[in-house]
Amino acid sequence: MTASEIRALFAVASRPEVVSLAGGMPNLAALPLDALAAEVADLVARDGQVALQYGSAQGVPALREQICEVMALEGIRADPDDVVVTVGSQMALDLVTRIYCDPGDVVLAEGPSYVGALGSFAAYQARVVHVAMDEHGLVPDLLRDALRSLAAEGITPKFLYTIPNFHNPAGVTLAVERRAEILEICASYGVAVVEDNPYGLLGFSGRTYPALRSLDRDVVYLGSFSKTFASGLRVGWALVPPAVRDRLVLASESAALCPPSFTQMLVSRYLGAHDWRAQIKTYTEAYRDRRDAMLEALEAHMPDGCTWNVPDGGFYVWLTVPEGVDTKAMLPRAVTARVAYASGTGFYADGFGSSQLRLSYCYPAPDRIHEGVRRLAGVLEAELDVMRTFGSSARPALGGGPQAPSPHTP
């Protein structure tokens, strides 16, 4: 097990004088806290004997039915019996990895990929093979090439891990016309697909993309209420084929005995009594305003040679800096300048990403985003001045790696 450099950054980034563009914390300012407080009080008064007791390892039945209604927005037709509620979707991902992977097994993942997934894969000693993306998401031809190369070595990956919508960290969305092709490629090589989709309902254009699971019932689908309701409740789920469900429930029992009934019942009450679709729309509008502030600030302040994508949803912009700048080595100097970001190296398992960084716009207010980008641009300008004076790599590197392909739109 290894420490995540992204998680290690949080202690510094949380200082009030630092503008943090690093962490992907949802902005909960729009939550109806008074109404939720009343729900909590009523839940304890009416159903406290159940809510505060041990529960089923598979999850509260009423919530599993409601989860199927949520997934139906993305075209998924599901049976509540195939839903397993977990303590956040991170737990579901960890358990799925435990079930599928032995030490030395290969997992395919987009490059870059979610840092929490890379941590789980590493903990179970799986080897990650990255497949590059472009501005339209995972590239099918490169996936085919990777599978062909592994097959020549006698290796069949255990699964493809993918975040198709508003990717973390790259911010791109898998093109609809590529989705069936990617499923067909994986099926032809006997490779399972794990779809992680915490951001799918947070699109800025009003469009909801069809889930991979809606096209293939063998896809393992991971969902969460962390981004669409409240992350602190830690309620997620996995929708799995029946052959996997019993194993997943057993793994959940061994890890946590059961997910908390209290938080599940609170989420269930929220879904049943409140206009959660309108709440998601409120979230989305706030994130779109912050996305716009981020893009305006980047356009106004970033030095020549920087490129970035234009996300149509989710929380993140993926920035590529001029050649020769090492974003991991630069991070301490950025924190000194009171701005934090996530270096691209944290999102690769193979040393890539030193010329990229992730900027999160979900939590800071728009004026703080502008100030944070202004500070970051100043740090970048100073790095470039040093390079122009002394040549590239004039500053000591702190373990960065080679540059990775960057899914961006210039």
Side-chain angles (χ1 to χ4, degrees), residues 24-32 66-78 89 114 133-138 162-180 182 195-215 219 221-231 236-237 239 267 270-299 308-318 359-366 369 407-409:
M25 292 192 302
N27 193 307
L28 304 182
L31 268 181
Q66 291 167 309
I67 285 171
C68 291
E69 296 173 8
V70 173
M71 292 188 294
L73 298 178
E74 296 173 316
I76 296 174
R77 298 178 62 185
S89 62
Y114 166 51
M133 294 182 285
D134 60 18
E135 64 269 26
H136 303 298
L138 187 68
T162 179
I163 305 173
N165 301 319
F166 319 127
H167 189 275
N168 176 10
V172 299
T173 294
L174 180 62
V176 171
E177 56 269 20
R178 291 185 179 182
R179 299 188 177 213
I182 285 171
E195 175 182 18
D196 195 356
N197 191 31
Y199 308 98
L201 299 180
L202 296 176
F204 300 148
S205 67
R207 180 180 184 182
T208 301
Y209 293 92
L212 297 176
R213 170 69 191 221
S214 73
L215 306 175
V219 170
Y221 178 97
L222 308 181
S224 175
F225 290 106
S226 291
K227 309 302 188 295
T228 57
F229 181 19
S231 55
W237 72 89
L239 173 65
V267 172
Y270 169 77
L271 294 174
H274 298 269
D275 190 349
W276 55 271
R277 291 178 178 83
Q279 183 63 51
I280 292 175
K281 185 174 184 293
T282 299
Y283 278 145
T284 302
E285 290 171 351
Y287 295 141
R288 183 174 55 230
D289 290 343
R290 286 164 166 76
R291 186 277 314 262
D292 291 346
M294 174 71 75
L295 296 177
E296 290 168 3
L298 291 170
E299 190 67 37
W308 54 87
N309 65 304
V310 178
D312 190 35
F315 286 5
Y316 307 109
V317 166
W318 186 243
L359 298 175
S360 173
Y361 52 77
C362 51
Y363 189 76
I369 291 172
H408 67 264
T409 301

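Note that this is a predicted model, so its numbers are computed, not measured. Hydrogens, waters and symmetry mates are skipped; everything else that's a heavy atom, side chains included, is used.
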State which residue, out of N197, T173, D196, fulfils the side-chain hydrogen bond (donor to acceptor under 3.5 Å, both in side chains) condition with N165.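 Of N197, T173, D196, side-chain hydrogen bond (donor to acceptor under 3.5 Å, both in side chains) with N165 is met by N197 alone.
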Out of curiosity, [X] [atom1] to [Y] [atom2], how far, rounded to the nearest 0.5 Å?
X: F225; Y: W237; atom1: CZ; atom2: CH2; answer: 4.5 Å
X: L138; Y: T162; atom1: CG; atom2: OG1; answer: 5.5 Å
X: L201; Y: M71; atom1: CG; atom2: CE; answer: 11.5 Å
X: I182; Y: E177; atom1: CD1; atom2: CD; answer: 10.5 Å
X: S89; Y: L222; atom1: OG; atom2: CG; answer: 6.0 Å
X: S214; Y: R179; atom1: OG; atom2: CZ; answer: 8.0 Å

Examine distances only and state if a side-chain atom of [X] and a backbone atom of [Y] form a donor-acceptor pair shorter than 3.5 Å.
X: R291; Y: G313; value: no
X: R213; Y: V219; value: yes
X: Y283; Y: F229; value: yes

Can you tell me how the ring of Y209 sits relative to the ring of F166, calling it parallel under 30°, perpendicular over 60° and tilted otherwise?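 Y209 vs F166 ring planes: perpendicular.
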Parallel, tilted or perpendicular, as decided by the 30° and 60° cut-offs, for the rings of F204 and Y361: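 If you compare the ring of Y361 with that of F204, the planes turn out tilted.
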Derivation and outcome, side chain to side chain contact (heavy atoms under 4.5 Å, CB included), residues K227 and N168: CA-CA 12 Å; K227 309 302 188 295; N168 176 10; over 6 Å; no
Quick one, Y287 with Y199, criterion side chain to side chain contact (heavy atoms under 4.5 Å, CB included). Give me CA distance, side-chain angles, the key distance, then yes/no. CA-CA 12 Å; Y287 295 141; Y199 308 98; over 6 Å; no
Which heavy-atom pair separates [X] from [Y] by the least distance, and what is that distance?
X: N309; Y: L295; value: O-CD2, 3.9 Å
X: G203; Y: T284; value: O-CG2, 3.1 Å
X: E195; Y: L212; value: OE2-N, 2.9 Å
X: C362; Y: N27; value: O-CB, 3.4 Å
X: L215; Y: A180; value: CD1-N, 4.1 Å
X: T282; Y: A30; value: CG2-CB, 3.6 Å

Would you say that [X] contacts [Y] through its side chain, given a criterion of any heavy-atom pair below 4.5 Å between the two side chains?
X: W318; Y: P311; result: no
X: H274; Y: Q279; result: no
X: E299; Y: W308; result: yes

Pick from D275, V70, L73, T228: which one makes a side chain to side chain contact (heavy atoms under 4.5 Å, CB included) with I280?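 The option that passes is T228.
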